[in-house]
**Student:** 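Pasting a structure here, questions to come.
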Amino acid sequence: MSKLQPARGTRDIFGDEARSMTAVVETFRKVATTYGFEEMATPIFEFTEVFKRPLGEASDVVSKEMYTFEDRGGEEITLRPEFTAGVCRAFISNGLQQHLPCRLMSWGPVFRYERPQKGRYRQFHQINAELLGPETPEFDVDMIALAWSLLKALGLGDKVVLNLNTLGDIESRMAYRDALVSYFEGFKDKLSEDSVRRLTTNPLRILDSKDEGDKLLVANAPLLSEHLNDHSRQFFETVCKGLDAVGVPYEHNERLVRGLDYYTHTAFEFITTELGAQGTVLAGGRYDGLIEKLGGPKVAGIGWAGGIERLAMLSNIVTDAERSIVLVPMGEAGTLKAFTVADDLRTAGHVVTADRSGNLGKRLTRAAKANARYAIIIGDDDVAAGTAMLKDLDSGEQSSVAFDALVAAVKA
RNA sequence: GCGGGUGUAGCUCAGUUGGUUAGAGCACCAGUUUGUGGCACUGGGGGUCGCCGGUUCGAAGCCGGUCACUCGCCCCA
């Protein structure tokens, strides 16, 4: 640790960036609420097993990206690398299967030990939505529609493209996996180093390879759509029809796969080209076996997560700070009087600060630069007279107002 | 984890073939101005030149290492 720097991949968030991230979260809460979602805040750390079991031992997240440590009581603890597993654990812990379907929204920090880049941090923030209930394709449509509504509300409707695919149910996925492995086994010497490794860890990932040689082989590889059983095919068709009906544009991308073991059926990613290699801005899918895998009831689920930093960077939306009233006390009596004036105005709901240093000109300059709405000058003479000088900083007009009339005057 | 680039004030950047107290603009603070604003003038604070080591009489500039950021890969939000 040299100097007073934050640890690698972590940062301080303030100013415009903080406001912009808050705006993303606020928009999310508002939109998700209209879809019937309720808040679920789970701990930012869990027993390691909660993440290890559902994500899959071989996944990158589990094998090299988790912040895991033993606490003072000897428990294996992990800082959450995603929301889904924790939310599902909470669902089971609290017996929420009595209230299906459950629509749960969350947001907050998540942790992944990765090499940082722009738009990619070791501690970053996500908004998250999960819908737990029966395995019904219409729910997939609802979830994607929610994501699309949010993105539109953030002004990202034309910056982002929805890539959609189906991984099929477990049966279809396994059949396809076998077909894929036997196909690529034949070209093992031509595959990139990464892809040879993926052949054993996650063969579907090869479809997504950026290696030029791999791409040639992938072009002739068997297609997942050819290995879908009837159930999986119908499920996907229903999802597509639903999306058409709600008017969510999408591209069927057969190469879209997911890294985590628990995904089945629908998988989707909203992608932008404006953030370099960090183009995925919001992504998710269906995870029908997850809750059972964690030891819970047979309940299916679908969910997604969005990167708050990435969404904020793309949208540039900032909630404007509320315009303030600046008190300018000019003497001892004025300084004391300003405390009660401030109190009255704040009680009435205004943002009030006092500027007590420098000459009057400086203070008005600062108030103007801070985009304050009013300045209230309170000198000793004013206190004696029972009035303050209320100055409208937009128009430049000012008038003498009795102290007890200030709250009303400022409203007008 | 792998490969490339960058690092001088809060911000944007100068800084000659290594040469003595490291500069500018913007921003900030104060004064002109205890009673009227975004202007002007004057002044001020702020940098161990990312950090450590090496070469040299002498390093912001050269060499090595390290840290951070950044671009791509892996993977992902």
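The sequence lines fix the lettering, A, B, ..., with proteins before strands; numbering per chain opens at 1.
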**Student:** Tell me if the aromatic rings of Phe187(A) and Tyr183(A) count as close, with their centers under 6.0 Å from one another.
**Tutor:** yes
**Student:** Step by step, work out the side chain to side chain donor-acceptor pair (under 3.5 Å) result for Glu130(A) and Thr84(A).
**Tutor:** CA-CA 7 Å; Glu130(A) 309 286 351; Thr84(A) 305; 2.8 Å; yes
**Student:** For A30(B), take OP1 and OP2 only and decide whether either is under 4.0 Å from a side-chain N or O of Ser357(A).
**Tutor:** yes
**Student:** Output yes when Asp355(A) and Arg366(A) qualify as a salt bridge under the 4.0 Å nitrogen-oxygen rule, no when they do not.
**Tutor:** yes
**Student:** Could I get a table of every N or O pair under 3.5 Å where one atom is in the protein and the other is in nucleotides 69-71 of chain B?
**Tutor:**
residue: C69(B); atom: OP1; partner: Gly9(A); partner atom: N; Å: 3.0
residue: C69(B); atom: OP2; partner: Arg8(A); partner atom: NE; Å: 3.2
residue: C71(B); atom: OP2; partner: Lys118(A); partner atom: N; Å: 2.8

**Student:** Is the gap between the ring centers of Tyr374(A) and His350(A) under 6.0 Å?
**Tutor:** no
**Student:** Whole angstrom is fine here: how far is it from OH in Tyr263(A) over to C1' in A77(B)?
**Tutor:** 10 Å
**Student:** Please list, by residue number, the residues of residues 304-315 of chain A whose heavy atoms come closer than 4.0 Å to an atom of RNA chain B; answer none if no residue qualifies.
**Tutor:** Ala305(A), Gly307(A), Arg310(A)
**Student:** Checking all strands, does Arg11(A) fall into the base, sugar-phosphate, or nothing category for heavy-atom contacts under 4.0 angstrom?
**Tutor:** nothing
**Student:** Using atom CG of Asp194(A) as one end and atom P of G1(B) as the other, report the distance to the nearest whole Å.
**Tutor:** 16 Å
**Student:** Give, ordered by number, those residues of residues 210-218 of chain A having at least one heavy-atom distance below 4.0 Å to an atom of RNA chain B; if nothing qualifies, reply none.
**Tutor:** Lys210(A)
**Student:** Under 4.0 Å between a Lys/Arg side-chain N and an Asp/Glu carboxylate O for Asp244(A) and Lys241(A)?
**Tutor:** no
**Student:** May I ask which nucleotide in the shown strands pairs with G23(B), Watson-Crick or G-U wobble, both distances under 3.5 Å?
**Tutor:** C13(B)
**Student:** Could you walk me through whether Asp211(A) and Ser192(A) pass the side chain to side chain donor-acceptor pair (under 3.5 Å) check?
**Tutor:** CA-CA 7 Å; Asp211(A) 181 90; Ser192(A) 69; 4.6 Å; no
**Student:** List every contact pair, protein side and nucleotides 8-11 of chain B side both N or O, where the distance is under 3.5 Å.
**Tutor:**
none

**Student:** Summarise protein proximity over nucleotides 35-45 of chain B in one line of letters, 5' to 3': B for base, S for sugar-phosphate only, - for none, counting protein heavy atoms closer than 4.0 Å.
**Tutor:** BBBB-------
**Student:** With Glu46(A), which residues qualify under side chain to side chain donor-acceptor pair (under 3.5 Å), at least two apart?
**Tutor:** Arg89(A)
**Student:** Quick check: closest heavy atoms across Val401(A) and Ala409(A), and the distance to 0.1 Å?
**Tutor:** CG1-CB, 4.1 Å
